Structures are given as structure tokens and as C-alpha cells.
**Q** 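My questions will all concern the structure given below.
Because the structure is a prediction, the values reported are computed rather than measured. Remember, it's 1-based here, ligands and their atoms both numbered in the order they're listed.
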Amino acid sequence: MTDLVKKYDRPVPRYTSYPTVPYWDNVPDTGEWVDSLNRSFSGPDSPWSLYIHIPFCESLCCFCACNTTISRNHDRYEGQYVDCVLAEWKTYLERVPALGQRVLKNIHLGGGTPTFLSPENLVRLLEPVISAANIDPESFEGSIEVHPNYTSEEHLRELSRLGFNRISIGVQDFNLKVQKLVNRIQPPKVTASTVIAARELGFTSVNFDLIYGLPGQGSAEMEYTIDQTLENMPDRIALYSLAIVPWIKPAQRHFKDEDLPTPKEKRDLYEYAKNRLLGAGYIEIGMDHFALPGDDLLRAMQEGRLHRNFMGYTDQKTDILLGLGVSSISASPDCFHQNQKILSLYEEKARDGEIPTMRGHKLSARDQKIQLQILQLMTGFRTRFLDAEQEETIVSRLDEMIGDDLVRVQDSTLVITGKGKGFLRIVCAAFDEKLAESKPQQNIFSKAI
Ligand SMILES: C[S@@+](CC[C@H](N)C(=O)[O-])C[C@H]1O[C@@H](n2cnc3c(N)ncnc32)[C@H](O)[C@@H]1O
Ligand code: SF4
């Protein structure tokens, strides 16, 4: 395995979309994006999903690769941002009336730290959206990402009252030594009390985000992190590989090379954590998720409904995902769209009643076919070739991986072996025609392992 890690540990996309964001070249203008939404809603009565990005955090964890604005000045940001997101929502409702008619299946609040907003401001943001939307309380799912240090019982109580039932808790690592190195001191008891409060208030699904490959993380640290995780028994666990992208996130330059595990040690941390979780009754889903029997994500995998979108794995597939807030990404079946990433620009456009377009991509028929193949690999570890020509090209690209028994080809279908699952992103990259057409001149992706 050591040799394989050395051989295949190269920069590749995470494939939360295809084409991946750096290759979006067929850019829609705002009118085309709105047309795409209206066209997508003109078909059968399909539900839709909403993502709201709240970028604020009180302090910066230096591993973080998310789009954030760091500040303790709540007065400066909270009220103004809520007003802008509500203005953006109003603009969409006017230009895409079906958003108020078709069933809104789920809302996900992500960040940043959504609970940077006070409970009052969260309610002020969510109530108008929920009341204008068509929601079936029986099947609605509301989920939120929280940092326990900044989440009060009042936050959880209000969210539960509004129908939120899933919570994803950022943990990363339970060891003080690692937490100091990444500027995120989070006592285990604070995490545990968030879990208890959420469960008491009716949240039916609790997820932990963990990261392997952090500075200072060795086998003893991972052992303690898994011990503590199992004390809490979250329903789901995301075990992410640390994405190291210092050219995008300069705070990652604070890591000293000698504090980081080597690629082989990093892989061993994952294998250790995985075996402990499997031993404790969790089942592996896709590339980096685990769930207890009975969990919806697991059921989706078993029933062949597992999906992956910009936020990662989900059991909630809808044709339309609308993203509100700075930098949010949206998707329709034939178009991707991203909002302005600079907070002041986003706020200005949203307040002026404009859709705050920054970029996007109109998917060709070929893009859509490859998107589906990559999705099938990511969720089920196999996909059928489109035709003999594609099979020949991809088999030659994956020649070495076939030799190493990481992938096999049978009946015009590519199958990733058990041993090959850790190299999933590399296999997806072989299907990526945009990447093959023009390899990036400089680093833009994190390494695969
Ligand atoms: C928006 S944050 C979660 C909510 C909250 N801000 C927190 O930190 O608890 C989303 C998740 O992305 C993951 N993440 C952030 N930066 C990462 C990186 N460089 N590599 C891998 N995962 C990362 C972390 O696991 C984090 O919990
Ligand atoms: S990990 Fe979470 S709390 Fe830390 S900076 Fe990133 S978004 Fe903010």
C-alpha cells in the first residue's frame, strides 16, 4: 500500500461537480440562469432544495478551506447580511415563481458558522423563506452545520421549532495538542453537550465532521478522537482528508511541514479510523462517510439513491438546488451558477434586486453524461462506458491502476476494487475530459490521498 500511495498521491479535483469549477467555461448570463430554472420547473412536479451560506466565523481555524469572513463584530455583519439574503430570495421568487409553488424538500444552512447569527436573526432569515415556500412538514428536512463553541441551546430550540431535524457538528479532532496547532480549542464536553441538547430538542440525525491528516495528528491522537466520537455515537460521520491548498488559503502556511503526517501516515490514520468505525457498527458510504444501520444516507446507498452535490454526499436528490448567500453554488439539470464571492459585491447586488451572478457553466449533453458517470463512481464505485472509444481511452489512462488491481473492466463497465476505493478521485479524473484537454499550469487541486 505504501508504494501505491506514493505512486498515486497527486492533485485531483474532489468532484462535487462535473465539470469542476476551474473548468466552467460556458458561462450563462443571469437571464440564461433564470431561464434554466424556469425551464427545469416546467417539467414534472419535482421538488427542490435550498442552500443558504452564512460565511461568518469568530476566529479562523487555520486548516479551513471554506469561504469565510472572520469577525467578532456581530453588529456590523448580522442584520445587514440577513437583509441581503432576504432581498435575494425575493428577487428569485419574482423571477422564478415556481419556487413558491413546488415542494421545497430541504434547507441546508452552511458556512462559515451559521450560528454566528443570533437566534433572533436566524429566525428573521428563515421564517419568510419557510412561509413563502411550499413545505410538507411530514417530509421536510432542515439541516445545519454548527461549531459547538458558538451554538447555544436557544439556537437549537428555535431551529427545531422551525422544523430543522439534522445537525452536522464540526469536531475535526478531539486532542488539545492538535486543536492548538489548528487554532480551534473545542473541549470534548462542549461537543458532547451540543449532541445531548440537539437530541433532546428532537434532532433525529447527528453528524460529526472529522478530518485526518491534521498537524500533530498521529495514531494516538486518532485513537483518542475515535474513542471520543464513539462516546457520542453520532448517526453519521464524515471523515475528510485534509485538503491542503495554501495557494488559496494562506492560513494553511502556518502548518510546519514536520507537524504534518506523511502521505503514508495520513493513509494509515484513515485506515485506523475506518476499521474502528466498522468495528463499532458503522457502515462505509462512498469515499469518506460512515453511518449507523437505519440512517437515511445508508438506506439511500443500499437502495441505489445515494447522490453527491456541492455539499458532498446526500440522500436528498432534487433536480434543482438553489444557493442563496455569498459564494453559494446552485445547480439545475443543465446549468451551474455561483454567486459573487466578495461579500461587499454580493451584498450590493442582492440589495439592488439583482441576482448576484459571479460565474457558472451551461452543461452540454456530453458534460451531463460524464457528470452521471462520475456520480456513479462516487456513489457506487462502478460505471458503464459510453462507447467503445471512451472505453479505449480510459482503459489506456488507467492501465497502471488495472495492473495494480485497483480497477477492473468487465462487460464495458469500469469497477473499482475494494483496494482501489481509496483512489476513487484518481479514477474519476480519468473520465474528466476537460482536465485531459488542458492540464492546470499551476496547483489548483489538493492531493488525492
Ligand atoms: C463550514 S465547516 C463546518 C461548520 C463550522 N464552521 C465548524 O467548523 O464546525 C464545514 C466542514 O468542512 C471541513 N473542512 C474545512 N476545511 C477543510 C479542509 N481544508 N480539508 C478538509 N475538510 C475541511 C471541516 O470538517 C468542517 O467541519
Ligand atoms: S472550520 Fe468552521 S469555524 Fe473554522 S474557520 Fe472554517 S468555517 Fe469557520
**Q** Please state whether Val146 comes within less than 4.0 angstrom of ligand 1, counting heavy atoms only.
**A** yes
**Q** Sort out for me which residue in Asn207, Asp295, Asp296 forms a side chain to side chain donor-acceptor pair (under 3.5 Å) with Arg236.
**A** Asp295
**Q** Below 4.0 angstrom from a heavy atom of Gly112, which ligand 2 atoms are there? Numbered from 1 as shown, please.
**A** 7 (S)
**Q** Which ligand 1 atoms, with their elements, are less than 4.0 angstrom from a heavy-atom of Cys64?
**A** 16 (N)
**Q** Tell me the protein heavy atom at minimum distance from atom 6 (Fe) of ligand 2, and give that distance in Å.
**A** Cys64 SG, 2.3 Å
**Q** Can you label the angle between the Tyr240 ring and the His289 ring as parallel, tilted or perpendicular, going by 30° and 60°?
**A** perpendicular
**Q** For ligand 1, find out whether one of its N or O atoms is nearer than 3.5 Å to an N or O atom of Ile169.
**A** no
**Q** Under a 4.0 Å N-O cut-off, is there an ion pair linking Arg397 with Asp432?
**A** no
**Q** Do the charged groups of Lys434 and Glu437 touch, with an N to O distance under 4.0 Å?
**A** no
**Q** With heavy atoms under 4.0 Å as the rule, classify the contact between Tyr240 and ligand 1 as side chain, backbone, both or neither.
**A** side chain
**Q** Counting only nitrogen or oxygen atoms and a 3.5 angstrom limit, does Thr113 reach ligand 1?
**A** yes
**Q** Is atom 4 (Fe) of ligand 2 under 2.8 Å from any N, O or S atom of Cys66?
**A** no
**Q** Specify the protein heavy atom at minimum distance from atom 12 (O) of ligand 1: its residue, its atom name, and the distance to 0.1 Å.
**A** Cys66 SG, 4.0 Å
**Q** Quick one: look at Gln172 and ligand 2, take heavy-atom pairs under 4.0 Å, and tell me if it's side chain, backbone, both or neither.
**A** neither
**Q** Find all atoms of ligand 2 within a distance of less than 4.0 Å from any non-hydrogen atom belonging to Arg184, and give their numbers and elements.
**A** 1 (S), 2 (Fe), 3 (S), 4 (Fe)
**Q** Identify, by atom number and element, the atoms of ligand 2 in contact range of Cys61, meaning under 4.0 Å from any of its heavy atoms.
**A** 1 (S), 3 (S), 4 (Fe), 5 (S)
**Q** Heavy atoms only: which of Thr69, Ile211, Thr113, Asn183 lies closest to atom 3 (S) of ligand 2?
**A** Thr113
**Q** Starting at CG of Leu377, measure out to CG of Leu372 and round the result to the nearest 0.5 Å.
**A** 10.0 Å
**Q** Under 4.0 Å from a heavy atom of His147: which atoms of ligand 2 are those, numbered in the order shown and with their elements?
**A** 3 (S)
**Q** Which of the numbered atoms in ligand 2 are under 4.0 angstrom from any heavy atom belonging to Thr68?
**A** 7 (S)
**Q** Find out whether Tyr81 and Arg76 are in side-chain contact, i.e. whether some heavy atom of one side chain is under 4.5 Å from a heavy atom of the other.
**A** no
**Q** Is the shortest side-chain N to carboxylate O distance from Arg299 to Glu303 below 4.0 Å?
**A** no
**Q** Find all atoms of ligand 1 within a distance of less than 4.0 Å from any non-hydrogen atom belonging to Gln252, and give their numbers and elements.
**A** 19 (N)
**Q** How far is atom 8 (O) of ligand 1 from its nearest protein heavy atom, and which residue and atom is that?
**A** Arg184 NH1, 2.7 Å
**Q** Looking only at protein heavy atoms, identify the closest one to atom 16 (N) of ligand 1 and say how far it is in Å.
**A** Ala65 N, 3.0 Å
**Q** What is the closest protein heavy atom to atom 20 (N) of ligand 1, and at what distance does it sit?
**A** Ala243 N, 2.9 Å
**Q** Any idea how Phe164 and Phe140 line up, ring-wise: parallel (<30°), tilted (30 to 60°), or perpendicular (>60°)?
**A** perpendicular
**Q** Starting from atom 23 (C) of ligand 1, which protein heavy atom do you reach first, and at what distance in Å?
**A** Ile211 CD1, 3.6 Å
**Q** Look at the rings of His53 and Tyr51 and say which category their plane angle falls in: under 30° parallel, 30 to 60° tilted, over 60° perpendicular.
**A** tilted
**Q** Does Trp33 offer a backbone N or O that forms a donor-acceptor pair with the side chain of His337 under 3.5 Å?
**A** no
**Q** I want to know whether Phe290 and Tyr282 have ring centres closer than 6.0 Å.
**A** no
**Q** If hydrogens are left out, which of Cys57, Gly110, Gly112, Gly213 has an atom nearest to atom 5 (C) of ligand 1, that is, the closest non-hydrogen atom?
**A** Gly112
**Q** Run the salt-bridge test on Arg161 and Glu127 with the 4.0 Å N-O cut-off and return the result as yes or no.
**A** yes
**Q** Taking only heavy atoms of Gly111 into account, list the atoms of ligand 1 that are under 4.0 Å away from them.
**A** 1 (C)
**Q** Between Lys317 and Asp319 (salt bridge meaning N to carboxylate O under 4.0 Å), is one present in this structure?
**A** yes
**Q** Do me a favour and list the nearest non-hydrogen protein atom to atom 21 (C) of ligand 1 with residue, atom name and distance?
**A** Ser241 O, 3.3 Å
**Q** To check your reading of the model: name the closest protein heavy atom to atom 25 (O) of ligand 1, its residue, and the distance in Å.
**A** Gln172 OE1, 2.7 Å
**Q** I need the nearest protein heavy-atom contact for atom 11 (C) of ligand 1: residue, atom name and distance, please.
**A** Asp209 OD2, 3.3 Å
**Q** Taking the six-membered ring where the residue is Trp, are the ring centres of Phe310 and Phe336 under 6.0 Å apart?
**A** yes
**Q** Using side-chain heavy atoms (C-beta onward) and a distance below 4.5 Å, is Lys341 in contact with Arg359?
**A** yes
**Q** Using a distance threshold of 2.8 Å, state whether an N, O or S atom of Cys57 lies below it from atom 8 (Fe) of ligand 2.
**A** yes
